[in-house]
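Encoded as structure tokens, the structure appears first; notes follow it.
We use all heavy atoms of the structure for the numbers below, so side chains are in, but hydrogens, waters and symmetry mates are not. Start at 1 with the first residue, then count along the sequence. Because the structure is a prediction, the values reported are computed rather than measured.
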Amino acid sequence: MFEFLGDKLDNIITKVKGYGVITEENISEMTREVRLALLEADVNYKIVGEFVNNVKEKALGEEVRKSLKPGEMFASIIRNELIDLLGKEDSPLTINNGMTIVLMSGLQGSGKTTTVGKLGNLVRKKHGKKPMFIACDIYRPAAIDQLKTIGKSLNIEVYEEGKGNPVEIAKNGIEYAKEKGYNYILIDTAGRLQIDEELMKELSEIEKAVKPNEVLLVIDAMMGQDAINVITGFNEKLKLTGCILTKMDGDTKGGVALSLRHITNIPIKLIGDSEKLDGLSEFVPTRIADRILGMGDIVSIAEKASEIIDEEDAKETAKKMKKGNFDLEDFLKQMNSIKKLGPLENIIKLLPGAKKAGLTNINIDPKIMARVEAIVLSMTPEERKKPEILKATRKQRIAKGSGTTVEEVNRLLNQFEQMKKMMKQFTNGNMKFPF
């Protein structure tokens with residue numbers, strides 16, 4: 001997401017950094033390029049005009065013109081204006097000490113039902129909540145079955161009554177949740193191909209009946225600027241507390257994210273960044289601005305890692321690295337943890353400087369990791385702990401068992417030994433970098 005806009009803005013900032021001084025002429029040229037970049041990224045034209053005027057006015061200010069590094073100041077102005085557009089302040093989810101009721105709404109095809117599952121998974125992991133789903137989409141074929149399938153895969157209960165009255169189902173579901181001790185209730189409502197009076201009336205009746213703490217609208221980011229009309233339409237009938245942008249990992253230019261908050265004043269609370277049920281991230285304006293400008297997002301990587309990697313295991317692994325006792329059993333554990341973080345390409349893109357290092361367009365073949373895993377799994381526990389005992393006959397057996405070659409087994413062992421040496425140097429503070 002945002003790669004198109006990020007590349008354009010990065011080129012513009014690089015040009016400005018090449019200027020010795022800031023003048024009205026060269027800033028006018030750069031702001032014209034900024035205008036084009038934003039329009040091509042599908043940002044609302046009214047917002048583009050306002051954004052460009054703000055950038056130009058600040059870039060021609062006395063502080064920037066007298067700066068020894070005007071290019072750095074220009075980059076800072078662009079970043080601050082992006083943060084303003086995206087919402088300035090974070091808009092976290094409402095998480096009550098007692099029960100939290102969330103009404104989920106959206107058009108058909110927006111990914112609403114899947115997002116219900118993702119959100120339940122997120123609040124359980126991050127906030128320690130006990131979620132439950134209520135199936136109120138009685139119209140779409142297999143909608144209830146889809147929600148039950150998602151609930152089963154996450155071990156989250158789904159309350160459903162089949163083809164009943166959605167308002168009564170919602171009320172009964174809340175009472176059931178109170179009896180069972182659930183404290184984060186997600187109500188999956190019906191979607192339509194377009195906003196209609198019948199849909200809005202039903203949603204409004206459910207809202208009045210259950211008095212939700214959150215009313216979230218799920219929006220497909222691929223809709224582009226049409227999303228603004230959808231949000232406005234829903235907000236006229238419901239008191240939206242926020243929206244969730246889905247499919248942000250797809251071929252979207254990101255313009256809707258930059259337009260939405262400024263035009264509707266409805267905060268973006270979450271973004272769907274993968275199809276997996278853990279593919280939902282909190283929307284933090286400063287982090288998104290840094291991603292757009294290729295500054296990375298280490299905090300998001302750390303948060304993802306903290307959800308997956310056990311702290312005690314991490315400490316134990318660090319001790320082993322320091323002593324040089326890190327073995328292939330530990331390596332296998334670490335590799336499985338990395339796999340849970342999601343596609344490696346997506347993690348690499350969040351590293352600071354990844355764009356300049358040319359790492360944002362790389363494709364990592366998942367078959368490579370699968371082959372490495374097969375080789376290690378074909379070893380006995382003793383061989384994983386003592387790879388030095390691996391001689392020719394053992395390597396032939398491992399290659400045959402993993403469907404690889406002896407050359408691939410040797411390559412893995414050599415790379416593992418090099419990695420062990422580097423880890424030991426790094427953890428002991430002896431690593432010397434060539435810069």
Side-chain angles (χ1 to χ4, degrees), residues 121 124-126 153-155 273-279 281 298 300-351 354 359 362-431:
N121 193 29
R124 181 173 59 184
K125 282 183 178 179
K126 189 163 186 176
S153 69
L154 293 168
N155 196 27
D273 46 22
S274 91
E275 293 179 5
K276 294 182 179 179
L277 288 172
D278 59 358
S281 304
I298 289 294
S300 289
I301 296 176
E303 284 183 354
K304 279 179 178 284
S306 67
E307 291 171 12
I308 291 160
I309 298 167
D310 182 85
E311 191 176 347
E312 291 306 313
D313 280 351
K315 286 179 182 176
E316 188 60 35
T317 300
K319 284 180 188 174
K320 286 188 173 185
M321 287 178 182
K322 195 167 187 178
K323 291 177 182 177
N325 295 335
F326 187 79
D327 59 36
L328 284 163
E329 196 74 61
D330 301 312
F331 174 71
L332 191 62
K333 280 184 188 175
Q334 296 303 307
M335 194 165 69
N336 285 328
S337 295
I338 289 167
K339 278 164 62 180
K340 289 176 187 175
L341 287 172
L344 277 178
E345 297 96 316
N346 292 351
I347 302 300
I348 289 168
K349 285 174 185 176
L350 299 181
L351 294 171
L359 300 176
I362 63 169
N363 289 310
I364 299 170
D365 187 352
K367 291 178 183 176
I368 294 172
M369 285 187 76
R371 281 200 294 273
V372 169
E373 188 176 12
I375 290 170
V376 180
L377 287 172
S378 295
M379 298 176 187
T380 65
E382 185 186 15
E383 288 168 345
R384 287 178 213 161
K385 291 187 180 297
K386 299 176 184 176
E388 63 273 11
I389 69 173
L390 291 172
K391 305 304 178 189
T393 52
R394 288 179 185 257
K395 289 177 183 177
Q396 285 168 3
R397 189 203 78 241
I398 292 164
K400 190 175 180 181
S402 59
T404 59
T405 64
V406 173
E407 287 77 13
E408 286 176 286
V409 175
N410 282 329
R411 191 182 307 125
L412 171 62
L413 293 171
N414 290 333
Q415 288 172 344
F416 177 71
E417 284 304 315
Q418 289 171 11
M419 184 180 72
K420 265 179 70 174
K421 287 176 186 174
M422 283 180 67
M423 284 176 173
K424 191 174 181 181
Q425 286 178 317
F426 188 76
T427 52
N428 288 331
N430 298 324
M431 180 66 79

All heavy atoms of S153 vs all of L277, minimum pair found to be OG-CD1, 3.4 Å

Taking atom OG1 of T393 and atom CD1 of I398, what is their separation to the nearest 0.5 Å? 9.5 Å

With sequence neighbours excluded, residues passing side chain to side chain donor-acceptor pair (under 3.5 Å) with Q396: none

Residues in side chain to side chain donor-acceptor pair (under 3.5 Å) contact with T404, at least two apart in sequence or another chain: S402

Can you check whether D327 reaches R384 side chain to side chain, under 4.5 Å on heavy atoms? no

Spacing of T405 atom OG1 and I375 atom CD1 [to the nearest 0.5 Å]: 7.5 Å

Could I get the full list of salt bridge (Lys or Arg N to Asp or Glu O under 4.0 Å) partners for E417, not counting sequence neighbours? none

Just jot down the salt bridge (Lys or Arg N to Asp or Glu O under 4.0 Å) partners of E383, sequence neighbours excluded, or say none. R394, R397

One should read off an interatomic distance between E373 CD and L412 CG, to the nearest 0.5 angstrom, of 12.0 Å

Rounded to the nearest 0.5 Å, how far apart are CD1 of I389 and OG1 of T380? 5.5 Å

Taking every non-hydrogen atom, the tightest pair across V372 and F331: CG1-CE2, 3.7 Å

Between CG on residue L413 and NZ on residue K395, distance to nearest 0.5 Å: 6.0 Å

Taking CG in N414 as the centre, count heavy atoms belonging to other residues, nucleotides or ligands within less than 6.0 Å. Is the count above 12? yes

Side chain to side chain donor-acceptor pair (under 3.5 Å) partners for R411, two or more places apart: none

Checking R124 now: which residues fulfil salt bridge (Lys or Arg N to Asp or Glu O under 4.0 Å) with it, not counting sequence neighbours? none

